[in-house]
> 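Below: one structure in structure tokens.
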There are 2 protein chains.
Amino acid sequence: MTITIYDVAREANVSMATVSRVVNGNQNVKPATRQKVLAVIERLDYRPNAVARGLASKKTKTVGVIIPDISNVFYAELVRGIEDIATMYRYNIILTNSDQQEEKEVQLLSTLLSKQVDGIVMMSDYVSEEMLHEMNRANAPVVLAGTVEHSNSFPSVNIEYREAAIDAVNRLIQNGHKRIAFISGSISSPINRDFKLAGYEEALENADIEVDEDLIVGVDNTYDDGLAAWEQLCKLDNPPTAFFAGSDEIAIGLIHGAQDSGLNVPNDIEIISFENSKLARMVRPQLTSVVLPLYDIGAVSMRLLTKFMNKEKIEEQNVVLPYRIEERNTVK
Amino acid sequence: MTITIYDVAREANVSMATVSRVVNGNQNVKPATRQKVLAVIERLDYRPNAVARGLASKKTKTVGVIIPDISNVFYAELVRGIEDIATMYRYNIILTNSDQQEEKEVQLLSTLLSKQVDGIVMMSDYVSEEMLHEMNRANAPVVLAGTVEHSNSFPSVNIEYREAAIDAVNRLIQNGHKRIAFISGSISSPINRDFKLAGYEEALENADIEVDEDLIVGVDNTYDDGLAAWEQLCKLDNPPTAFFAGSDEIAIGLIHGAQDSGLNVPNDIEIISFENSKLARMVRPQLTSVVLPLYDIGAVSMRLLTKFMNKEKIEEQNVVLPYRIEERNTVK
DNA sequence: ATGAAAGCGCTAACAA
DNA sequence: TTGTTAGCGCTTTCAT
């Protein structure tokens, strides 16, 4: 039925070892034999069975990817970066969605390991103790993409979130704002609390602006949450005049909330985002945003993973990528 | 080093066959033995090797997915639908991006088959002859998601694109428009030419409106292309007053193009889109759009695939899902 | 209910 | 340069 390396060997009058050699590009094959074998492979339309290969070699040429949700542009960009580099190094990726559920993450990790993936790249707002434990016992390298884990005990690729947040908020402070709100995903996750929020607070303190808890709201990273946050904050006695948004969707919700209230962005309200997905250009006014290079984070993570898989020397396992602020029209 | 079924068998004083039985939930095991084996599995933290299992059983519990580009919201939604159902049936997915390159599609298909996937779901604007040929020789079932192939010789999941296009254009005609433009992805792909464009033309003809080639433009499905299409058409002697856009990004580009020219949507210009991604609500005015149920198409495709993989009876291999028009604010 | 043994299709020593 | 031969870790008859 299916044709195997054994069929090719027989037809070509060589041993299966020789066929294996030509398939794997081993140089120890006489050109003439190689041609002969190649011809038979062509004629029989032989296709190596990667599963058998994986069992024998203990390498599957596939890596696992654990992300919160592929239908979110944010993660989709990241995955594209991972996939492009994976392809370049001849790996395929098994994609899984965790929806940020710790239990699911652990279970996905387990499934991926049972499938003998050669490595894993994982992204999450928060790495639980159990996950950390499982990652430690894993027999495949795992790299964290855009994911902070305070001990830095795992290879990772990130940007200086805190510095970036400070820069972003300073941008607003420079324009004279005293009432600056911070709207982001759940404040309880380390990335939001210890980095973005911390940077926000530091920037305010440096400018002698009092931190007002009323101006800090943790929601989800969605458009509707941005809209809702606007509704909530605009009815404050002393409402904010500027916003630091944790994601583009939130920022766009804020813009529309303000516009629906008859306000002008950036003349009445200024907004800076932290993401810069393709959405940033698809609003009016276009979003000023800290550039979170998702594609690059994915690509670099995958590249880093290949180094681990090939046991190459690693100069720095916690990579920090540069960031910048893309000036557009929501900040004057 | 790694612990195998053999280790478990030894520790539990049973044969590996028995361990295999308990791992696979075979009922022919005395409850007492089952407990004993389970305990050892727990203690040794045994994890079955899916690759070995795949080689022995010829089933890998993984399916391949070939889509144009995961970083496009459109396809990302589809993939989420596929993944959710796959998870439900205990399959994992290997995700690949083809960028709509025929050659790459063929090669990806080949790679996936060599990895012994149990099935494949594929999406593309156009199924080439070669691809069709390769799909026919594949020893795994493949279903086409949101992909038209005129012979309908492969299982597929779609909506009535042509009818939907007619409805959409009629919506514009009802409002008195005579100059209606059609902007979509490449006109040379069957889905655009034979369905959306054909529907557009049919609707116009039914209303005795002459089809004007100047009002038909095939670009890519991006925001910038929408913007560019606006620039191109607004300087016509007799410019269009309404647009039928093939995707949300194009539609948003059109809206912004019109607004940047000082025009009001929907008072001066009306626009209807064909997609209804989450982007549709994230513009002002919000997009009126034909609902292309991407998530559902993905989910149903995957479900259909499981039927083929389990050799269940298939009542209808070319599934047609319902569509509707979501009325929002770009059409009066 | 359980075990023995033969593969699944390939890689990787080791020989020759 | 080429062939022989063990496995890789599991499923699956076929016995018992």
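First the proteins, then the strands, lettered A, B, ... as listed; each starts at 1.
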> CD of B/Gln27 versus P of C/dT2: gap in Å, rounded?
12 Å
> Give the minimum heavy-atom separation between B/Pro141 and B/Met309, together with the two atoms involved.
CG-CG, 3.9 Å
> Take atom CG of A/Asn26 and atom C1' of D/dT2, then tell me their distance rounded to the nearest Å.
11 Å
> Under a 4.0 Å threshold between the charged nitrogen and the carboxylate oxygen, would A/Asp99 count as salt-bridged to B/Arg80?
yes
> Strictly by modelled atom types, are B/Ser151 and B/Glu149 linked by a side-chain donor-acceptor pair under 3.5 Å?
yes
> I need a per-nucleotide contact map over nucleotides 3-13 of chain D, read 5' to 3'. Cutoff is protein heavy atoms under 4.0 Å; write B for the base, S for backbone only, - otherwise.
BB--BBBBBB-
> Do B/Asn318 and B/Ser156 have side-chain atoms, one donor and one acceptor, less than 3.5 Å apart?
yes
> Determine whether the side chains of A/Lys115 and B/Asn92 contain a donor N or O and an acceptor N or O closer than 3.5 Å.
yes
> Starting at CG of B/Asn28 and ending at C1' of C/dG3, how long is that distance when rounded to a whole Å?
13 Å
